[in-house]
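Numbering of ligands and ligand atoms starts at 1, following listing order.
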Amino acid sequence: MRGLVFTGVGQMEVRQFPDPIPGVGQVVVDIRCTSLCGSDLHNLHNPNLNHNLIMGHEGAGVVSAVGPGVTKVKVGDRVALYHVVSCGKCKFCMAGYAQFCTQDRRALAGIEHGTDADKVLVKEDNCLPLPDDISYAVGAFIGCFAGTSFSAMKKLAPNGLNTVAVFGLGPVGLAGVQYAHAMGARVIGIDCIPERLTLAEELGADETINFREQPTVPTLKALTNGNGPDRVYESSGSMQAQKDAIDACAVQGKICMVGFNGPMSLKTDNAPSLYAMIGKELTLMGSSIMPRQYHYEIVDFLRAKNIDLERMITHRFPFEQIEEAMRLFDTGKTGKVVIDM
Ligand SMILES: [Zn+2]
Ligand SMILES: [Zn+2]
């Protein structure tokens, strides 16, 4: 089978690998769709990466082989892939929170071979059942960023009385825009890339702020009668955005930080921001990936609110053009880039 590996900083190639053979509790999924994620770009520019590992962690497809003891899926099932492979036994795994596994936490394209390939080998627990009316692309999204985004927005739980500021309009932010809009809130998107701002407006942002052209905090205040947004969703991971989120948030507002982009910096050089957090009685939350069982809730929510996550796809490529797709995605000027097998 074919698989994409990163061979050096900014370098990649498609190589041949032996087809995987499922062991006890394992299944092989024939990939139908794999999508590119910001963390792929972190890997592409990481000098210490394992150059023999197949990349990709957002995938969906059809089960093509099952190992001994597999009972939850069968050959022919459509599945999305939950990208964290965990022990299944520790207290967090038992509760569905594989992202906090304390015993054996792996990730597709981190330790295990990933989804930028014809086939992937996973535990049966990594298979999220994919109903016929949910596309492979949306399934791939749910297993990573669209699930991460849902888990973060669910913590903020905005409604029609709230204004949600979404910092960072990459895929996690854009899914956040769609969810917050569907939950009834007024949505303000913040980024500096015009293509992303335009896409956010198409997907449900009521206003957008280009922070290279307008100062973020004063503009957010001006748009909210001087109060600031009462819900803030920070997906960029930038220190400036984290500080702006706290400075802009309304009194007794809620902030959820889901962006992870380099060293987290709230411990240093932030006395004014944390002072603002205390003085305004803000609730500050972090959010990491999603508990696996949210898969069902997300599918129900997408159906009930008629949300089409494929609307954030700006480019689709066949697997033969995955290198070209990755280079385009690396410009930061696309929405979601999807590879169809
Ligand atoms: Zn991802
Ligand atoms: Zn565990």
Side-chain angles (χ1 to χ4, degrees), residues 4 6 25-26 29 31 33-46 49 53-61 80-117 120 122-126 128 136-153 168-176 178-179 235-237 258-262 287-295 298 309-310 312-315 322 325-326 329-330 332 334-339:
L4 178 76
F6 291 161
Q26 291 180 320
V29 175
I31 298 292
C33 179
T34 180
S35 55
L36 309 188
C37 179
S39 55
D40 293 325
L41 302 178
H42 295 176
N43 283 339
L44 183 60
H45 298 289
N46 175 4
L49 195 73
L53 198 65
I54 298 174
M55 293 291 106
H57 61 275
E58 297 182 354
L81 294 165
Y82 182 73
H83 73 284
V84 179
V85 182
S86 67
C87 81
K89 295 180 287 196
C90 74
K91 72 171 183 177
F92 294 109
C93 283
M94 287 187 81
Y97 292 83
Q99 74 270 43
F100 304 132
C101 177
T102 55
Q103 302 298 314
D104 186 18
R105 182 185 185 283
R106 298 154 176 262
L108 298 181
I111 296 177
E112 304 288 336
H113 280 313
T115 57
D116 291 344
V120 68
V122 292
K123 292 185 177 182
E124 62 174 326
D125 284 344
N126 287 87
L128 307 172
Y136 290 114
V138 171
F141 295 173
I142 292 172
C144 182
F145 80 94
T148 297
S149 178
F150 183 83
S151 186
M153 194 56 76
L169 298 171
V172 175
L174 289 174
Q178 285 184 285
Y179 295 152
S235 71
S236 76
V258 63
F260 219 126
N261 188 15
S287 195
S288 175
I289 313 180
M290 71 160 180
R292 202 172 47 207
Q293 67 272 24
Y294 277 16
H295 170 67
I298 293 167
L309 292 176
E310 289 209 9
M312 70 173 75
I313 299 173
T314 54
H315 300 80
I322 192 169
M326 193 71 73
F329 187 57
D330 199 15
T334 70
K336 215 51 196 170
V337 177
V338 163
I339 308 297

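- Side-chain atoms of M290 and I142, non-hydrogen and from C-beta on, do get closer than 4.5 Å to each other.
- The closest side-chain heavy-atom distance from P291 to Q99 is below 4.5 Å.
- Annotation: protein N, O or S atoms under 2.8 Å of the Zn ion (ligand 2) (waters excluded) comprise C87 SG, C90 SG, C93 SG, C101 SG.
- Results of the side chain to side chain contact (heavy atoms under 4.5 Å, CB included) test with F141 over S35, C33, P171 single out S35 as the only residue that passes.
- Note on ring orientation: taking the six-membered ring where Trp is involved, the planes of F100 and F92 are perpendicular (angle over 60°, cut-offs 30° and 60°).
- Partner of L108 under the side chain to side chain contact (heavy atoms under 4.5 Å, CB included) criterion, chosen from V122, D116, V84: V122.
- S151 contributes no side-chain N or O that, together with a main-chain N or O of G147, makes up a donor-acceptor pair within less than 3.5 Å.
- At distances below 3.5 Å, at least one donor-acceptor pair connects side-chain atoms of S149 with backbone N or O atoms of G176.
- Considering only residues two or more places apart in sequence or on other chains, T334 meets the side chain to side chain donor-acceptor pair (under 3.5 Å) condition with none of them.
- The Zn ion (ligand 1) has C37 SG, H57 NE2, E58 OE2, C144 SG as its protein N, O or S neighbours under 2.8 Å.
- Judged as a side chain to side chain donor-acceptor pair (under 3.5 Å), and not counting sequence neighbours, N43 has no contacts.
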